[in-house]
Amino acid sequence: MNSPVWMPYTQMKGASVPLVVRSARGAVLELEDGRQLIDCISSWWVTLHGHTQPQIAAAIAEQARRLEQVIAAGFTHRPAEDLARRLKGHLPFVPHLFYSDSGSTAVEVALKMAYQYWRNQGASGRRRFLSLEGAYHGDTLGAMSLSARSLFTAPFAELLLPVDFVPFPQTWIGDQGVEEREVAAIGHLEGLLRRSGEQYAAMIVEPLVQGAAGMRMCRPNFLRQVADLLSRHGVLLIADEVFTGFGRTGALFACQLAGIQPDMLCLAKGLSGGFLPLAATLCSEAVYQAFCSDDPTHTFYHGHSYTANPLGCAAALASLELLEREPPPFAALEGWHHRELGRLAGHPQLCRLRVCGTIAALEVRGAAGYLHELGPRLKQRFLERGLLLRPLGGVIYLVPPYCLERAQLEAAYRCIAEVVAELCS
Ligand code: PMP
């Protein structure tokens with residue numbers, strides 16, 4: 001196909017022809033040529049309840065007939081107000097909400113807010129940020145600055161903001177060394193804060209699971225220690241829940257599970273149930289108050305054309321409605337993952353098996369790194385077997401939509417074991 005579309009994260013030279021998707025329902029994608037694929041990664045980790053979920057589709061259609069878009073400065077509408085109130089009910093420590101349109105913009109807004117928060121109070125020396133090794137927070141320049149220095153950021157190294165990175169004490173099932181890694185990471189952070197705590201505006205974390213790093217997981221206790229240390233040094237904490245929000249980690253928000261109350265919290269991806277680009281940056285009363293002033297230079301001069309888009313907000317409300325049901329639609333997946341991973345324990349080619357809520361990951365031994373040649377070969381074999389999986393190098397992960405049936409999940413794990421045996425023995 002001679003397509004004019006330049007694909008994201010794709011070397012276009014020699015790129016394989018993209019698969020044309022005709023329609024989708026639940027966890028299943030239907031291709032133009034009639035083949036079906038089980039979507040085990042919720043598209044780009046966005047599809048919470050399944051593709052074309054009827055209540056969300058209906059809410060968008062209804063909203064489109066009433067009000068599709070309106071300028072968000074000086075105007076508001078019911079879906080934007082209702083959604084902000086509903087989210088505040090779940091996250092009362094960050095009661096003010098600023099809308100944008102992607103995970104990257106949600107992070108960019110948090111970064112700018114944190115920086116200006118200090119400036120507005122005359123503390124303009126707080127210019128540096130803290131982040132975790134392996135972090136990924138988006139592709140705009142600010143969000144990229146907060147992300148680990150990597151293949152993705154290398155061409156832009158000279159344009160990035162000053163950020164110091166703290167080790168991420170990742171863990172997995174049966175791991176014996178995590179405490180030691182946590183002590184080292186906390187010691188590192190303590191050292192930075194003791195030496196130059198007054199230089200930092202904020203620290204950003206992906207709570208409990210680092211997505212793009214390869215579904216690396218940490219323990220709640222580590223995050224509580226980080227939050228305590230930052231609060232003692234007066235440094236703001238930003239939780240990037242772009243990926244972990246809305247049930248992914250087994251609670252509605254990872255911060256609830258971790259027992260932390262950040263000063264800012266970023267949402268996107270699953271916010272609209274995976275239907276429309278919508279994002280939000282939530283902040284504490286103290287952060288918000290630092291911008292309320294008679295001085296015009298204290299204003300947060302930031303906004304996007306599609307800020308608080310009514311269709312996105314209507315989709316998000318319908319999605320939240322589904323998430324608030326009892327039992328929550330994401331409740332069963334953790335147990336199913338554990339059972340399936342239990343069957344793979346002791347597999348000679350697999351290691352570092354791990355689960356957090358609906359997210360599961362495992363690694364092929366000796367295949368570390370995003371560019372490891374095994375990744376594309378695994379992906380191709382999975383596609384041929386009817387599975388959409390997108391390994392990050394040798395890390396195979398599952399982030400399914402919550403409607404995935406148990407039999408579909410079991411089939412996916414069986415296929416993973418067979419493909420690994422075929423390609424890696
Ligand atoms: N933060 C995290 C934790 C993410 O996983 C991502 C996307 N993978 C982003 C931010 C950026 O989101 P977007 O792709 O919507 O800009």
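Here the structure is a predicted model, which means the values were calculated and not measured. Just so you know, ligand 1 is whichever comes first in the structure, and atom 1 is the first atom listed for that ligand.
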Legend entry - Neighbouring protein residues of ligand 1 - any heavy atom closer than 4.0 Å: Trp45, Ser102, Gly103, Ser104, Tyr136, His137, Gly138, Glu206, Asp240, Val242, Phe243, Lys269
Legend entry - Leu130 and Leu189, any side-chain heavy atoms less than 4.5 Å apart: yes
Inset, instruction - State plainly whether the residues Arg219 and Glu179 are in salt-bridge range, i.e. N to O under 4.0 Å. - result: yes
Legend entry - Salt-bridge contact Asp175-Arg181 (side-chain N to carboxylate O under 4.0 Å): yes
Legend entry - Residues Glu363, Arg354: salt bridge by 4.0 Å N-O rule: yes
Legend entry - Side-chain ion pair, Glu373 and Arg377, N-O less than 4.0 Å: yes
Inset, instruction - State whether Glu81 and Arg78 are salt-bridged, where the test is any N-O pair (Lys NZ or Arg NE/NH1/NH2 against Asp/Glu carboxylate O) under 4.0 Å. - result: no
